[in-house]
Amino acid sequence: MVLKKVGAMSCAKVSGVLYAAIGLIVGFFFSIFGIFAAMLGDSMGGGGAAFGFLFGIGSVIIMPIFYGVLGFVGALIMVTIFNFVVGYTGGIEMFFEHELTGQQSQPGTGMQ
């Protein structure tokens, strides 16, 4: 089997969701850091406690959106470039193994 084309929008949607999930994880860690920084700033008499707290909470909302949009746009650009380049290079040769028989499908053998 030879991969000749990838659906740009479907790939971009999946990538956007995956990157949004990564952004949620990153945002969680930024949130924890921001909350600890707010507590530390408050205990030291600094006036940045509210800013640190808002930064911490805001990162859980902003990071997934930011990562999701960048993942969507990045994948859309890469898939479009891939579809253009694959026309010149002939595609990506792919091999699959059937679970029940253990046979490997070869390009041009008719196995599916």
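These numbers come from the heavy atoms of this one structure, side chains and all, not from hydrogens, waters or symmetry mates. Small disclaimer: the values here were computed from a predicted structure and weren't measured.
A pairwise comparison of heavy atoms in T80 and A8 identifies OG1-CB, 4.4 Å as the closest pair. Here the closest heavy-atom approach between residue L3 and residue M94 is recorded as CB-SD, 3.6 Å. The shortest heavy-atom contact between G27 and V60 is O-CG2, 3.7 Å. Residues K4 and V86 share a closest heavy-atom pair of O-CG1, 2.9 Å.
In terms of hydrophobic clustering, with Ile, Leu, Val, Met, Phe, Trp and Tyr side chains grouped at heavy-atom distances under 4.5 Å, V26 and F33 are assigned to different clusters. In the hydrophobic cluster analysis, where Ile, Leu, Val, Met, Phe, Trp and Tyr join through side-chain heavy atoms closer than 4.5 angstrom, I22 is grouped apart from L24.
For residues 56-87, every residue pair satisfying the ring pair (Phe, Tyr, Trp, His ring centres under 6.0 Å) rule, not counting sequence neighbours, is listed here: F84-Y88. The ring pair (Phe, Tyr, Trp, His ring centres under 6.0 Å) contacts involving residues 4-29 comprise nothing, where partners must be two or more places apart or lie in separate chains.
At a threshold of 4.5 Å between non-hydrogen side-chain atoms, the residues V2 and I92 do not count as touching.
For the pair S15 (side chain) and C11 (backbone), a donor-acceptor distance under 3.5 Å is absent. Side-chain atoms of S59 come within 3.5 Å of backbone N or O of S31 as a donor-acceptor pair.
With side-chain heavy atoms closer than 4.5 Å counting as contact, directly or through intermediates, M78 stands alone and belongs to no larger hydrophobic cluster. Here V14 sits in one hydrophobic cluster together with L18; the rule is ILVMFWY side chains under 4.5 Å apart, joined directly or through other members.
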